[in-house]
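What follows is one structure encoded as structure tokens, with my remarks underneath.
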Amino acid sequence: MAHVVPSLDQPSNYKDSQARIDRQKQNELLSKSTTLYIGNLSFFTTEEQIYELFSKCATPDEGGGIKRIIMGLDRNTRTPCGFCFVEYYTHAEALACLRYVSGTKLDERIIRCDLDLGYREGRQFGRGKSGGQVRDEHRSDYDPGRGGWGAQAQRAEIERRREVEERYMDAETGPGAVAGGGEDWKAAEGAENKLKRGRSPEDEDGDDRSGTRARLDDVADHDAGRM
């Protein structure tokens with residue numbers, strides 16, 4: 001019966017892919033490790049929330065407690081990208097987290113805890129091509145807690161929108177483009193009217209004087225004929 005239910009305080013097969021040590025050496029280090037790797041966090045989970053949850057397994061009265069929390073960050077934007085490291089003062093506290101915290105919910109997400117070989121500077125950054133975690137590079141579903149679509153899906157959507165915009169621009173400026181809206185003739189008519197010089201009062205007065213003079217001349221000719 002002892003082997004029917006696996007022990008909850010045993011580490012999984014998780015291993016830092018950049019660690020250059022064999023499995024035996026790794027097991028020796030993990031048997032004394034006080035550091036936990038926490039995965040599947042929401043991008044919006046804060047360090048304060050993590051501290052509140054993981055301090056439940058701390059034993060400060062026995063010389064333990066949380067030593068520090070290192071938030072995982074996007075390499076490019078320096079924003080949280082879904083993981084962190086929690087360092088305790090004792091190995092027993094780290095095992096307690098495997099037993100009681102791993103597999104529970106934080107920010108409506110089931111988080112995963114594993115013993116870690118120990119934090120080193122640089123491990124706080126995501127290793128994906130886009131700066132985040134590798135798992136988010138290939139994710140094709142929409143996960144609001146992990147920043148929306150996966151990186152590849154986001155790139156595909158950006159490319160699709162770019163192609164649509166290019167086709168739209170070609171339809172407006174390329175061969176066989178549809179003519180512009182019917183408001184163009186107004187602008188053209190306005191420009192034509194500006195080119196025509198308006199009639200001045202002098203022009204109107206001049207026309208009236210010319211007409212009067214012409215009528216007077218006609219009357220004079222008519223009277224002369226009668227004489």
Side-chain angles (χ1 to χ4, degrees), residues 1-75 78-128 132-139 141 143-147:
M1 289 294 292
H3 302 288
V4 174
V5 179
S7 176
L8 296 178
D9 58 0
Q10 294 299 313
S12 69
N13 291 325
Y14 160 77
K15 178 185 177 182
D16 180 10
S17 61
Q18 294 186 355
R20 300 292 184 261
I21 58 175
D22 57 31
R23 177 63 67 174
Q24 182 178 358
K25 182 62 176 179
Q26 174 180 317
N27 291 337
E28 292 177 4
L29 294 175
L30 291 178
S31 66
K32 302 175 183 178
S33 175
T34 61
T35 303
L36 290 172
Y37 172 89
I38 316 300
N40 201 38
L41 291 172
S42 167
F43 287 2
F44 306 102
T45 298
T46 64
E47 185 174 336
E48 288 77 13
Q49 289 175 283
I50 296 170
Y51 184 89
E52 181 180 0
L53 176 61
F54 285 85
S55 62
K56 297 181 183 302
C57 295
T59 56
D61 54 335
E62 298 179 7
I66 294 179
K67 185 177 180 180
R68 62 173 175 169
I69 296 173
I70 302 99
M71 298 296 292
L73 302 176
D74 186 289
R75 187 174 61 253
R78 297 299 196 266
T79 56
C81 63
F83 72 98
C84 74
F85 298 93
V86 177
E87 288 187 358
Y88 287 98
Y89 282 101
T90 67
H91 177 66
E93 291 171 310
L95 290 181
C97 277
L98 289 183
R99 186 179 293 116
Y100 302 118
V101 177
S102 185
T104 61
K105 276 191 174 182
L106 178 60
D107 262 359
E108 299 303 318
R109 302 185 68 83
I110 298 177
I111 61 174
R112 176 173 57 86
C113 306
D114 264 305
L115 287 176
D116 190 79
L117 298 176
Y119 172 76
R120 299 187 310 277
E121 185 62 32
R123 290 190 64 196
Q124 74 270 35
F125 299 123
R127 297 172 180 173
Q133 288 192 273
V134 175
R135 57 166 291 193
D136 290 315
E137 293 284 330
H138 306 284
R139 183 168 49 79
D141 61 325
D143 189 338
R146 303 285 295 191

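- In this structure, the side chain of Glu48 does not engage the main chain of Thr46 through any donor-acceptor pair within 3.5 Å.
- Side-chain contact between Ile70 and Arg123 is absent, with no heavy atoms from C-beta onward closer than 4.5 Å.
- Looking at Arg99, its side chain never comes within 3.5 Å of a backbone N or O of Ala94 through a donor-acceptor pair.
- Ring geometry, Phe83 versus Tyr37: the interplanar angle falls under 30°, so the pair is classed parallel (tilted spans 30 to 60°).
- Between the side chain of Ser102 and the backbone N or O of Cys113, at least one donor-acceptor pair lies under 3.5 Å.
- Side-chain contact annotation: Glu93 with Thr90, donor-acceptor N/O pair under 3.5 Å present.
- For the atom pair Phe85 CZ and Arg68 CZ, the distance stands at 10.0 Å (nearest 0.5 Å).
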Could you walk me through whether Gln26 and Leu117 pass the side chain to side chain contact (heavy atoms under 4.5 Å, CB included) check? CA-CA 7 Å; Gln26 174 180 317; Leu117 298 176; 3.7 Å; yes

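- There is no side-chain donor-acceptor pair under 3.5 Å between Asp74 and Thr79.
- Nearest heavy-atom pair across Ile110 and Gly103 is CG2-O, 3.5 Å.
- A heavy-atom distance below 4.5 Å is not found between the side chains of Leu36 and Asp116.
- Of all non-hydrogen atoms in Gly118 and Thr35, the two that sit nearest each other are CA-OG1, 4.0 Å.
- No donor-acceptor pair under 3.5 Å is formed between the side chain of Asp107 and the backbone N or O of Arg109.
- Between the side chains of Asn40 and Arg112, no donor-acceptor pair is found at a separation under 3.5 Å.
- Side-chain atoms of Arg75 do not come within 3.5 Å of backbone N or O of Gln133 as any donor-acceptor pair.
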Check the pair Tyr51, Ile66 against side chain to side chain contact (heavy atoms under 4.5 Å, CB included), reporting the backbone distance first and the verdict last. CA-CA 8 Å; Tyr51 184 89; Ile66 294 179; 3.8 Å; yes

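- Looking at Tyr88, its side chain does come within 3.5 Å of a backbone N or O of Phe54 through a donor-acceptor pair.
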Show the numbers, then the answer: is there a side chain to side chain contact (heavy atoms under 4.5 Å, CB included) between Leu106 and Leu41? CA-CA 8 Å; Leu106 178 60; Leu41 291 172; 4.0 Å; yes

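- Between the side chain of Arg146 and the backbone N or O of Gly82, at least one donor-acceptor pair lies under 3.5 Å.
- No donor-acceptor pair closer than 3.5 Å links the side chain of Thr59 to the backbone N or O of Asp61.
- With hydrogens and angles disregarded, no donor-acceptor distance shorter than 3.5 Å links the side chain of Arg135 to the backbone of Gly128.
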Would Leu115 and Leu98 satisfy side chain to side chain contact (heavy atoms under 4.5 Å, CB included), going step by step from the backbone distance to the final call? CA-CA 8 Å; Leu115 287 176; Leu98 289 183; 3.7 Å; yes

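- Between the side chain of His91 and the backbone N or O of Ser33 there is at least one donor-acceptor pair closer than 3.5 Å.
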